[in-house]
Structures are given as C-alpha cells and as structure tokens.
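The chains referred to below are lettered A, B, ... by the order of the sequence lines, with proteins before strands, and numbering in each begins at 1. As the structure is a computational prediction, the values presented were derived from the model and not from experiment. Computation of the quantities below employed the complete heavy-atom set of this structure, encompassing side-chain atoms and omitting hydrogens, waters and symmetry-equivalent molecules.
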Amino acid sequence: MYKIIVLAKQVPDTKNIIGEAMRPDGTVNRAALPAIFNPEDLQALEMALLVKDRFPQSKISVITMGPIAAIEILREALFRGADDGYLISDKQFAAADTLATSYTLTQAIKTLSGHGDPLEPKNENAIDLIFCGRQAIDGDTAQVGPQVAANLGIPQVTYAFEIVDIGDHHKNQITLKRQLDDVTELVRAQMPLLITVTDSASHARPRDIRRTIFLRKKKIPVWNIRDITASPDRCGLKGSPTNVLKINSVILSLEGKNTQTFEATPQSMDKLAKILRAELHQTGTLER
Amino acid sequence: MNAENIKTTTDNKDYNSLQYGTQHRTIFFDILLVGGGPANLTLAIHLTNLIKKHNADIIEKKIDARPIDYENKIAIIEKGINFGAHSISGAILDPVALNKIIPEHLQLGFPIESKIEEEEIWYLTSKYRWKLPVIPRFLKNHGNYVVSLSKMVSWMAKQAEQNDVVLLNEVAGVELLVKDNQLWGVKTDDRQISPKHYPGYQLKAQVTILGEGSAGVLTSAAIKRFGLDHSKNPSVYELGVKEVYELNKADKSDNLSINIGASKIGAGKCIHTMGYPLSTGLSSLITSHKSGGAFLYGMAENRLAIGMVTHLSCADPHLDVHRELQQFKRHPYIQKILHNAKVVGYGAKTVPCGGLYTIPRLTHNGLMIIGDGANLLDSRKLKGLHLAMESGILAAEELFAGYLRNDFQNPTPKDYKGFEMRLKQSFIYNEMYKSRNFSQAMKMGIPLPGGPLIGVQLMTKGWNPTGNLKTRPDYQQTRPINQPVGSRNKNASVNDAVHCDEKIVIDKLTDVFLSRTTHSEDQNSHITLKNEEHCKLCFQRYDAPCCCFCPAQVYEKREKKITINFSNCLHCKCCDLKCPLDNIVWRLPEAGGGPQYTIQ
Ligand SMILES: Cc1cc2nc3c(=O)[nH]c(=O)nc-3n(C[C@H](O)[C@H](O)[C@H](O)COP(=O)(O)OP(=O)(O)OC[C@H]3O[C@@H](n4cnc5c(N)ncnc54)[C@H](O)[C@@H]3O)c2cc1C
Ligand code: SF4
Ligand code: SF4
C-alpha cells in the first residue's frame with residue numbers, strides 16, 4: 001500500500017490549433033483553444049493507477065495548480081481511478097514560472113501530508129511516490145518535477161516509462177525503466193521518490209462510466225495561498241525570477257561550427273556560461 | 001431477464017471495487033438516452049423540469065402525490081469527445097420548441113449567432129443571379145435564430161447537467177441489448193489502448209430513447225430487428241457539407257455586413273440559392289441530375305456559414321458534394337463575398353429527407369425513436385431542429401405520465417405507444433404532412449420536371465397530382481458510368497477539376513483538418529468492406545463512387561484496391577447509404593473519435 005501523489009496541469013491543446021485559435025500576430029489565442037489534461041501527466045496518472053491496480057489499498061491524490069476551470073482535469077482523474085483531487089488556486093499564483101510553481105506545489109504536498117514531515121515514515125500521511133509528466137505541452141520546460149524533488153529533498157527518476165518491479169525486494173524499493181536518447185536505463189530507487197514520466201509510457205485508461213456517474217458531484221477541495229501556508233513573495237509573478245525577453249524558433253545546425261565538449265563539473269559549467277554570455281552579448285540578445 | 005435483474009440498483013454505488021473485468025459491468029437506469037443531440041437534450045431538460053415542478057408542488061402542498069426520485073436514473077450518452085463535438089447543422093433554428101422548455105433562454109445565455117432580419121432566395125446561373133421577388137410563406141425565417149449547433153448543444157448539455165441529468169460524453173452505444181422481443185438498453189464501446197483491452201458496459205434501462213440523428217446505427221438495427229418499417233417508404237437522404245468562413249473586416253461597409261450588388265451579407269442575413277452549380281443551363285432543364293441547394297447564413301463575430309446540400313438519390317457516380325460546394329464558391333457573386341475571407345471550420349452530415357411516408361413506427365417494448373433518427377425533418381425547409389426538439393418534448397411528456405403511473409417501479413420495458421398519438425396531434429405531423437411529396441419531386445429536378453409538381457404541392461398543402469410519390473434507397477439510384485446522366489463532370493477530384501487556392505477552393509484534406517477529426521489508431525477500422533472483390537466490379541461499372549462522395553476522403557483507390565483512411569471519418573454516414581453495391585459496413589468506432597466541432 002502506497003501513498004501516491006500525481007502532479008498534473010491543464011494546458012491548451014496546442015496540437016489542435018486551427019484558424020480561430022491563432023491571433024493574426026501568430027501567438028496562441030488560449031481562450032479559443034480547448035483545455036486538456038497535459039498528455040504526459042495523464043500517463044503519469046496511469047503509472048500511478050498501475051501501482052494501485054497491484055496494491056489496491058494505495059491512495060492516489062492528484063494536485064493541480066491553476067484557475068478554477070482546471071477542476072475539470074481533477075474530475076477526469078477521479079473518473080479514471082484517482083481517489084482525491086486538490087485544486088491549488090489563488091490570484092497570487094498567476095504568472096508563475098517553474099520556480100514559483102514548484103514552490104507552490106511543494107507547499108501543497110506538505111499540506112496534504114498533514115503539515116507533518118512528508119517524508120517521515122511514522123507520519124501516517126507520509127508520501128511514498130510522486131508522479132508527474134516529464135513536461136507540459138504549453139511550456140516544454142521539464143523543470144517543475146525535478147524542482148519539487150529538490151525542494152522536498154527526495155531522489156528523483158526522470159524520463160521513466162515503465163515500472164519493472166515495485167515492493168518485490170523491499171517495500172520501499174522500485175525499479176524503473178528510463179528512456180534516454182538511444183539507451184534504456186534500468187534504475188532501482190528508494191522511496192520516497194519523485195518520478196517524471198515520458199510519452200512512451202502506457203496511455204491512460206478510459207474514464208470509467210460507473211465512477212463518472214457517482215463521482216461527478218464529488219466536492220473537490222480548492223486551496224488558496226493561506227491554506228498551503230505559502231509565502232506570497234515566492235509565488236506567482238513575484239516569486240518568478242524568469243524574464244522572457246523574446247521567443248525565437250531556433251533551428252540548430254552544427255555545420256560550419258566548431259564544437260566543444262564540457263564535462264559536468266561546476267568549473268566547466270562556469271566556463272560554458274561565460275562563453276554563452278559573451279556570445280549573447282555579441283549578438284545583442286542580452287543587454288548589459 | 002427478470003425483475004430482480006433490473007432492480008439491483010444498490011450495486012450501482014459499487015464504483016470503487018471496480019477493476020476492469022467482466023463483473024460489475026452493468027449499470028441500471030430508468031431512462032437511457034442514446035445520442036446527445038438537440039432531440040435527446042430537449043427530452044432530458046423537459047422531463048427533469050416536469051419532475052422538478054412536480055416535486056416542488058408536493059413540498060408546497062399544491063398536490064398530493066409521491067415525489068419522483070430520478071437521481072442517477074436518467075442518463076444520456078454521446079459518442080463525441082464532448083457534447084456538441086459531433087453536432088453540425090446549418091443552422092436556422094425556429095425557436096418554437098425552445099420557447100416551450102426554456103422560455104428565458106436568451107437571458108440565460110443561449111448562444112445565438114444572429115436573429116434573422118433579412119432573407120433572400122437566389123437562382124444562380126453560372127455567371128448571374130436572379131433574386132426571387134417574393135419568398136414563399138413556408139420559407140420565411142424572419143425572427144428565427146442562426147445558431148452554431150455545436151455551441152447550442154454544448155449549452156443545452158450544461159442546462160441538462162444543472163437539472164441533474166447524468167451526462168456521459170465519450171460513450172457510444174454500439175449494440176442493442178434485446179431479449180424476449182424487448183429492448184433492455186445498449187452495450188457501450190470497448191476500448192483498445194495498446195496493449196490493453198477495456199470492455200464496454202451494459203447500460204440497462206426500462207426505456208431506451210434513440211436520438212442518434214440521421215441514419216443512426218442502432219436506430220437502423222432496431223427498426224430491422226423489430227420490423228418497424230413495415231409498409232413504409234425506404235428512408236432517403238441528402239448530404240450536407242458546410243464551411244465556416246471568417247469574413248474580411250476591411251471589406252465591410254458598416255459594422256454588420258458587406259454589400260454585394262444590392263444584397264448585404266452579415267449577421268442577421270440568410271440566403272438560400274438554387275441552380276448553379278447543381279443544375280444550370282438549358283440541358284439541365286431536361287436532364288438535371290443533381291438536386292439540392294446552397295445556403296449562406298451570417299453568424300456572429302463576422303463569420304459566415306456556407307453550405308451545400310444535395311440529394312443522395314443522384315444518379316451520377318461521381319457525385320461529390322464537397323466539390324460542388326467549391327464550385328459554388330467560384331460563382332462571381334460568392335467569390336466577391338469571400339474576398340480575402342478565411343475558412344476556419346468544416347463538417348458534413350446526412351439529412352433524412354424522405355418525409356412523412358418514411359417515418360417508421362417509433363415505439364416498441366422499451367424503445368422510443370425521436371429526432372432525425374425518426375426521419376422527422378421538413379424537407380421543404382431543410383429544417384429538423386425544431387421538429388427534433390418538439391419530438392423530445394412529446395416523448396418527455398409521455399415518459400412523465402409514465403412516472404406518474406409509477407411505471408418505473410415495475411421493471412419491465414414498456415411500449416409508450418402514446419408517443420405516436422401525441423406526435424400525430426402535434427405541429428410536427430402537420431408540417432410533415434404538407435411536405436410529404438416534396439423531396440420526391442425535388443429530386444426529379446428543378447426547374448423541370450419537379451418544379452411544376454412542387455408548385456401544385458405548395459398550393460394544395462402537399463397533394464401531388466401523380467399520387468403519393470415513392471422513394472427508393474439512395475444506393476440503388478446510382479447509374480453505371482456508361483449511362484448518361486446530365487452534364488457529367490469527368491474529373492472526379494476537385495484537385496484536378498479546379499485549382500485549389502486554399503481561399504475560395506479548399507482541398508478536401510485541408511477541410512478535413514479543420515473538422516479536427518481523429519480516431520485512435522489502436523483500434524481496428526470502424527469501416528469495413530463486405531467483399532473486396534465487389535469493388536473490382538464497381539471500378540468498372542461505377543468508377544468507385546466512394547472515392548468521390550465521401551466528404552472526408554476516407555476512401556482511396558490504390559493499385560486496384562480501396563484503402564480506407566478511417567481516421568479522417570466525419571461520421572456523416574453517407575458511405576453506408578450510397579455505395580452502389582451496398583458493400584460498406586459502417587460501425588461505431590471508439591467513442592471520443594470523430595470530429596471535434598466547435599463553431600459548426
Ligand atoms: C448541413 C445541414 C444543415 C442543416 N440546416 C438546418 C437548419 O438550417 N435548420 C434546421 O432546423 N435543421 C437543419 N438541419 C437538420 C438538423 O441539423 C437536424 O434535424 C438535427 O440536428 C437533428 O437532431 P437530432 O438530435 O435528432 O440528431 P443529431 O443532431 O444528429 O444528434 C445526434 C447525436 O447522437 C450522437 N450519436 C449517434 N449515435 C450514437 C450512439 N450510438 N452512441 C452515442 N451517441 C450517438 C451523435 O454523435 C450526435 O451528437 C441541417 C442539417 C445539416 C446536415
Ligand atoms: S466500397 Fe462501394 S463504392 Fe467503393 S469501390 Fe467498393 S463497391 Fe464501389
Ligand atoms: S467514411 Fe463514410 S461516414 Fe465517414 S466521412 Fe466518409 S462517407 Fe462519411
């Protein structure tokens with residue numbers, strides 16, 4: 001039996017853009033696009049449900065941060081098999097970048113674990129697994145999941161697409177398949193754990209008719225900034241250091257460029273940052 | 001099936017023990033509505049309004065009766081991903097039935113595009129236009145609404161939800177549950193989400209109402225199974241194809257409209273046309289082989305609905321209504337309207353136009369049929385919405401009477417014959433009586449020889465001098481390629497015939513993209529051929545009509561074989577009705593598949 005959280009987001013259906021949904025200036029007219037369950041989050045939910053299929057006593061809570069309308073996807077999750085849904089919604093959360101979003105979600109997770117330590121096994125609300133999609137189709141950053149893991153101080157397995165075993169060796173051990181560029185990695189990890197799920201994972205089961213009938217009126221808690229005891233300075237626009245200067249569509253080509261390889265050490269990362277900064281100054285993208 | 005079987009309602013609540021398996025896969029209702037179109041939604045809203053009023057009257061001690069508990073007992077299933085996703089129509093709505101169920105609909109935000117203030121009928125030749133000086137009374141639309149059916153249905157679904165009707169979108173009824181000559185409900189679609197298979201549910205009810213729209217799969221099955229069309233004319237259909245354009249604002253002379261000749265186009269305006277491109281020129285007076293017409297309805301936000309409707313009885317094996325619509329738009333007048341406009345939506349659906357003598361028996365044990373599925377459509381006006389809705393009202397009243405009689409305490413499917421009586425006394429019957437011979441004459445051709453017949457009918461409330469006209473199934477009407485049919489166009493594909501500029505002439509596949517149709521590719525094709533060998537015969541005799549008539553280019557002839565791109569399908573049902581060898585089987589695909597209309 002596991003206590004599972006799924007982080008999900010409602011996104012505009014960017015795959016389905018037709019005339020009316022694009023403004024003349026080429027930006028997306030969000031209001032006209034149908035809002036959907038972020039596809040990889042749905043696959044994350046399915047992975048959680050597969051755990052519950054095996055351990056039926058497990059409990060799945062789905063958390064989403066968004067406007068009131070995002071309650072739709074929580075219902076979707078209930079209809080497919082989740083136990084609870086929580087909507088985190090407040091004006092002060094608006095225009096959050098990934099840092100502010102992951103902070104807010106972390107606070108929500110802490111609240112859900114009864115304000116106790118979400119990781120302390122003796123806390124009966126302690127969390128075992130957090131599933132989220134690798135990335136949302138409206139931003140494609142893939143940062144929120146890993147940041148939540150960092151905030152909570154728990155390990156993470158990113159790009160997972162299959163659970164190989166769970167609880168077979170030890171109750172708190174799980175083995176996952178990770179999808180990397182051209183290899184599949186087999187990882188064994190210790191719970192509590194955060195897992196981000198890619199699009200090669202199983203697709204979500206359909207919503208169940210009986211659940212739809214009887215859960216359609218279930219009350220879904222809506223939590224505001226105070227409910228999750230979040231600090232306003234770290235939420236929404238205020239808590240978002242990211243500044244978008246410009247959006248370009250970039251086509252990468254290595255032809256005619258000299259390439260360099262950097263090791264993953266702090267020193268060489270510093271060096272890389274310096275080079276990039278210099279180049280951005282040169283092209284005028286970054287002003288002093 | 002016995003009484004206990006249908007009454008074990010407690011296990012309805014057992015949703016949490018659900019594992020996808022075979023047990024617990026049955027759910028019980030009093031009333032199950034199949035198809036979330038205007039007919040069934042009207043029924044649901046009206047019936048629950050009646051029950052709510054009844055229960056309120058009891059509390060206020062106005063009447064002494066037992067309250068009716070319908071919680072989780074009245075459900076409506078819709079195969080589209082949302083309510084409204086499969087809804088497409090012209091559409092001009094005569095609000096007569098809407099006024100009865102929700103008189104204050106406008107205050108409640110009912111989505112109308114415009115109220116009709118001005119209307120015209122044009123006869124087109126290939127270059128010119130002739131405006132009818134007077135509009136026949138039955139075609140008058142002043143005060144009616146122009147609506148987008150998908151918006152309207154999505155709004156009605158919200159009203160039904162507020163009335164506590166169980167709304168189940170993305171659920172298709174795929175099979176009738178029949179036992180002992182009684183209908184006990186339907187089975188829902190299985191899902192294949194590789195590698196898993198999720199079986200459907202058995203939804204059981206004491207009355208199942210089929211409001212599946214034109215040529216419904218379960219409706220046809222029920223009619224056949226219970227012999228409901230005995231001694232009736234066979235159903236016949238038209239195919240309607242529609243595009244939505246966003247007009248160029250710069251071209252507007254004022255806020256509302258553009259001027260074309262002496263005609264203004266814009267919200268509040270509707271235009272119907274006859275003639276070009278279906279039949280023009282002298283030769284068509286004798287041999288006009290295509291019949292139908294086109295429409296232009298001004299919508300809100302500077303949009304224009306532009307559509308073409310053609311009888312499927314057409315003898316020409318190369319009939320392609322999508323192409324006719326493109327031809328129509330090339331008319332100099334229409335080109336002017338569409339100058340710098342942009343196409344933003346597309347869709348297609350069939351319309352049952354056979355009229356009064358094709359209406360099957362509409363009730364049986366546990367069954368009622370309403371709306372387009374019952375062939376309730378006034379072919380003179382191309383209007384079915386108000387009749388579909390009115391049939392929903394009548395069915396609701398019949399079912400409410402059933403509740404008052406405590407019918408639903410006693411679990412056996414009943415035959416609500418009273419529904420047909422109500423229908424005969426309603427304006428539905430009256431309207432359909434007047435147009436009982438219209439379609440048959442129409443398809444003979446306008447202006448000749450159908451024109452004079454229609455003239456007589458209009459003056460005599462539908463009497464036809466040559467006797468009540470018979471119909472023949474549409475697929476039997478296609479003639480082989482070596483027999484002449486009018487001014488046959490040799491080029492089957494719009495791409496060859498006229499250059500696609502993607503402004504006026506839109507390629508079929510571009511249009512299909514705008515319908516946003518898609519089907520999960522994990523499933524097997526929902527369209528199959530009975531016998532591939534028959535197609536080879538068909539290639540020689542008819543030149544594969546499916547490759548032309550399908551408005552979504554689902555069929556393609558490749559290396560002497562038909563390939564079926566089922567993912568493109570718009571669920572219009574045309575292929576089921578028009579393959580000359582009746583070689584196509586159209587089944588219901590997994591729910592959620594199909595078009596995703598929003599403004600159509
Ligand atoms: C191009 C065109 C123009 C038209 N113009 C006008 C007009 O101007 N004015 C007018 O009054 N009428 C017009 N009509 C006719 C009008 O649209 C129909 O009469 C009306 O939509 C019928 O309503 P309905 O509820 O019977 O069926 P539909 O509107 O067809 O609804 C049936 C619904 O049932 C669903 N369904 C079907 N089978 C199943 C199943 N087995 N399981 C689950 N769901 C199922 C379908 O997805 C659909 O949503 C037009 C039609 C067309 C095609
Ligand atoms: S499917 Fe029908 S119309 Fe198409 S080629 Fe075969 S027989 Fe002819
Ligand atoms: S395949 Fe048949 S039902 Fe589908 S769009 Fe083509 S003609 Fe219509």
Asker: Between N169(B) and chain A, with a heavy-atom cut-off of 4.5 Å, which part of the residue counts as in contact: side chain, backbone, both or neither?
Answerer: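 When you check distances to chain A, atoms from both the backbone and side chain of N169(B) fall under 4.5 Å.
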Asker: Rounded at 0.5 Å granularity, tell me how far CG in D13(A) sits from CZ in R516(B).
Answerer: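 Between D13(A) CG and R516(B) CZ, I get 7.0 Å after rounding to 0.5 Å.
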Asker: Please identify each residue that fulfils side-chain contact (heavy atoms from CB on, under 4.5 Å) with A204(A), with sequence neighbours left out.
Answerer: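 Expected list: L42(A), E46(A), R80(A).
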Asker: Please state whether the side chain, the backbone, both or neither of S194(B) comes within less than 4.5 Å of a heavy atom of chain A.
Answerer: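 Neither the backbone nor the side chain of S194(B) comes within 4.5 Å of chain A.
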Asker: For Y70(B), is the OH atom crowded, meaning more than 12 foreign heavy atoms sit under 6.0 Å from it?
Answerer: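 Counting neighbours around OH of Y70(B), more than 12 heavy atoms of other residues, nucleotides or ligands fall under 6.0 Å, so yes.
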Asker: Within this structure, what is the CD1-OG1 distance for the pair I209(A) and T188(B), rounded to the nearest 0.5 Å?
Answerer: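 Here the interatomic distance stands at 4.0 Å.
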Asker: Can you tell me if K158(B) has over 12 outside heavy atoms packed within less than 6.0 Å of its NZ?
Answerer: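 Atom NZ in K158(B) is not packed in, count stays at 12 or less.
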Asker: Can you measure from CZ (R205(A)) to CZ (R191(B)) and round to the nearest 0.5 angstrom?
Answerer: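 With rounding to 0.5 Å, CZ (R205(A)) is 13.5 Å from CZ (R191(B)).
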Asker: Does N524(B), at its CG atom, have more than 12 non-hydrogen atoms belonging to other residues, nucleotides or ligands within less than 6.0 Å?
Answerer: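 Not buried by this count: 12 neighbours or fewer within 6.0 Å.
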Asker: Chain A: which of D164(B), L167(B), I77(B) shares the most heavy-atom pairs with it under 4.5 Å?
Answerer: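 Ranked by heavy-atom pairs under 4.5 Å with chain A, first place is D164(B).
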Asker: Nearest 0.5 Å, what's the CZ-CG distance between F79(A) and L168(B)?
Answerer: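 CG of L168(B) is found 9.0 Å from CZ of F79(A).
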Asker: Is there a side chain to side chain contact (heavy atoms under 4.5 Å, CB included) between R216(A) and N72(B)? Walk through the geometry before answering.
Answerer: CA-CA 10 Å; R216(A) 75 201 147 98; N72(B) 299 336; 2.5 Å; yes
Asker: Whether K217(A) and E71(B) form a salt bridge (side-chain N of Lys/Arg under 4.0 Å from carboxylate O of Asp/Glu) is what I want to check.
Answerer: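 Salt bridge between E71(B) and K217(A), a charged N being under 4.0 Å from a carboxylate O: yes.
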Asker: Which region of V166(B), side chain (C-beta onward) or backbone (N, CA, C, O), has a non-hydrogen atom less than 4.5 Å from a non-hydrogen atom of chain A, or is it both or neither?
Answerer: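 When you check distances to chain A, atoms from both the backbone and side chain of V166(B) fall under 4.5 Å.
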Asker: At what distance, to the nearest 0.5 angstrom, does CZ of R210(A) lie from CG of L203(B)?
Answerer: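 It is 10.0 Å, given to the nearest 0.5 Å.
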Asker: With no hydrogens and no angle check, do the side chains of D208(A) and Y201(B) hold a donor and an acceptor under 3.5 Å apart?
Answerer: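 Distance-only check passes for D208(A) and Y201(B).
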Asker: Looking at NE2 of H203(A) and CD of Q192(B), how far apart are the two atoms once the value is rounded to the nearest 0.5 Å?
Answerer: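 Rounded to the nearest 0.5 Å, the NE2-CD separation comes out at 12.5 Å.
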Asker: Among residues at least two apart in sequence or on other chains, which ones pass salt bridge (Lys or Arg N to Asp or Glu O under 4.0 Å) with E521(B)?
Answerer: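 Scan of E521(B) (salt bridge (Lys or Arg N to Asp or Glu O under 4.0 Å), adjacent residues dropped) gives none.
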